[in-house]
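The next block holds one structure in the form of structure tokens; read it before the comments.
Residue numbers start from 1 in every chain, and the chains themselves are labelled A, B, ... in the order their sequence lines are given, proteins ahead of strands. All figures in this text were calculated on a predicted structure; none of them were measured in a lab. Every heavy atom of this structure was used, including side-chain atoms; hydrogens, water molecules and symmetry mates were not.
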2 protein chains.
Amino acid sequence: MSEPKPHQGGYQRGEEARRRLLEAGIEVFGLHGYEAASTRSITEKAGVNLAAIPYYFGSKEGLYRAVAEHITTHLDGPKLTATLEQVEKKLKTSQVSAEQALELLHQLFDGFVTTLLATEGSDLWARFVFRELMEPSSVFEILNQHVVQKTIRPCAALIGQILDKPSDDPECLIRAFTLFGQVLIFRTVREVTLRSLGWQEFSGDRLDLIRSVIRQQVDRSLHGSTLEEKTAQSHPASNDSSEDTPDRI
Amino acid sequence: MSEPKPHQGGYQRGEEARRRLLEAGIEVFGLHGYEAASTRSITEKAGVNLAAIPYYFGSKEGLYRAVAEHITTHLDGPKLTATLEQVEKKLKTSQVSAEQALELLHQLFDGFVTTLLATEGSDLWARFVFRELMEPSSVFEILNQHVVQKTIRPCAALIGQILDKPSDDPECLIRAFTLFGQVLIFRTVREVTLRSLGWQEFSGDRLDLIRSVIRQQVDRSLHGSTLEEKTAQSHPASNDSSEDTPDRI
DNA sequence: AGAAATAAGTCAATCGATTGATTGATTTTT
DNA sequence: AAAAATCAATCAATCGATTGACTTATTTCT
């Protein structure tokens, strides 16, 4: 509860120890969870003394909170950040056509796959984040807000443009979650998917296959009628999927 | 490692204590994980003495393994079991048409939603299972085999029938995973989805909405071309989605 | 400038609390 | 009476945190 945090007039050496504790915290907390992660294993990996944790962060939980805040930095890869800015800009300024929205959505999901499955070290902070989102504790709010803001909200907004519904419509949010869940499962139960597929890792060609399937399903999911107006498009001739579904391979 | 397990000539009272430890183990292990779940909290919830764990299960890990094996009982709800038997029978005996396969797939996913989101107590064993599948430990194989056998394999087989591919084709498995991921996300990051939607729980009408979206997406995902033969169906006239997509609401 | 004084950071040793497991006496069931 | 089961008491090990001596870095004073 108390936060001593003697961090005001810090020296350079202290900043280094602080930084290394955060990095080690991401790894050890991410791998073993809060309880199972001993402060000794963290300080050993960080190469600092055991007393450095209460000194810099007040307590083990203080470090945990600091790691959670620090981790929000890793949440969006370089590729994702650019796309997210594009989406934000487009949605703010002008009306976005369904085609534009769909293309941005594809870019977003390509970024999700890259960030979650093909980025070095993503398994460490991803584990940390998902564990917290699965069973909320003290830092749930921090991570939840960042994740939703960087993933679900933009998706729901684009989906809303495509389906011509408000972005906070439950259907838009649900569709955003289901589509995101398609990517997420390969991260959360990574070992299950790898083993079933007989793979050792998600390498280049295999990632492309996953990307293609997801791209196609994002595409098809948002074509045609929404839930309410079910038989609105009685003549699907203009909805030939062969042109706006640029499947790879 | 050693398993004394004095369980051969047990009395009735012993069986009762054994059973209560397993139930309490599901709950406490599921809520807090292996490390954070103390043997004392488990025995308190079970209403037995602390020494009962090493007595009946050899050790804490022995109990953990026993819980994992016991938990496979809960993995399929009554509704799911019936559908799974149908699927197995259909796939064994005769050739299944794409329409039949799709209908069975819909039944399966309705069952998934019901079992994972609308079944009392599912959060407890589900947490246990997902934690183990997320970061494999000693009981990963047991749970993985059961889960894959009861969910992914049947889905992949049906998808294979629809897409006219072998059920162990990577694309079939990937599609099975992505579709299953659409349901799973509402269980794994349950609090995130509920909060974003402004909901308190997945009640009847809201579950129906989720079910409808998933049903529609399962439907659309498997219509039309697969990845390789992309423009095979040049005339989608016979593929009007208004009849084989019985959307609710 | 250089020296003294103060602050910041590091470290080994140790604290009380809690962990999983064991013991041996006792009670219950067959 | 014999086996099975329960129980309080206690074990060594490990947990997170604290202590006070120690070193390093920065500031202040002359």
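The nearest whole Å value for the distance from the NZ atom in B/Lys60 to the C1' atom in D/dA13 is 14 Å. Spacing between atom CZ of B/Phe57 and atom P of C/dG20 amounts to 15 Å, rounded to whole angstrom units. Distance, A/Tyr56 OH to D/dG16 C1': 19 Å, rounded to whole Å. Rounded to a whole Å, the CD atom of B/Glu44 is 12 Å from the P atom of D/dA8. Distance B/Asn49 CG to D/dT10 C1': 13 Å, rounded to the nearest Å. Across the protein-nucleic acid pair, A/Arg19 atom CZ and C/dG9 atom P stand 15 Å apart, rounded to whole Å. Look at OH on B/Tyr34: it is 8 Å from P on C/dG20, rounded to the nearest Å. Protein atom CD1 of A/Ile53 is 16 Å distant from nucleotide atom P of C/dG9, rounded to whole Å.
Here the side chain of B/Tyr55 is nearest to one of D/dC15, C/dT19, D/dA4, namely D/dA4. Closest contact between the side chain of B/Ser59 and the listed nucleotides D/dT19, C/dA21, D/dA5 involves C/dA21. For B/Ser38, counting side-chain heavy atoms from C-beta on, the closest listed nucleotide (C/dG20, D/dA8, D/dG16) is C/dG20. The side chain of B/Pro54 lies closest to C/dT22 when the candidates are C/dG9, C/dG20, C/dT22.
Remark: B/Glu135 engages A/Arg131 in a salt bridge, criterion side-chain N to carboxylate O under 4.0 Å. Between B/Arg20 and B/Glu23 there is no salt bridge, since none of the side-chain N atoms of the basic residue sits less than 4.0 Å from a carboxylate O of the acidic one.
For A/Thr115 (side chain) and A/Phe112 (main-chain N/O), no donor-acceptor pair under 3.5 Å exists by modelled atom type.
A ring-centre distance under 6.0 Å is found for A/Tyr64 and A/Phe128.
Across A/Gln217, A/Arg175, A/Gln182, a single residue satisfies side-chain hydrogen bond (donor to acceptor under 3.5 Å, both in side chains) together with B/Gln217, and that is A/Arg175.
Of the two residues near DNA chain D, B/Arg40 and B/Ala17, the one whose nearest nucleotide lies more 5' is B/Ala17.
At a threshold of 4.0 angstrom between heavy atoms, the contacts of B/Ala37 are confined to the sugar-phosphate backbone, with no base atom among them.
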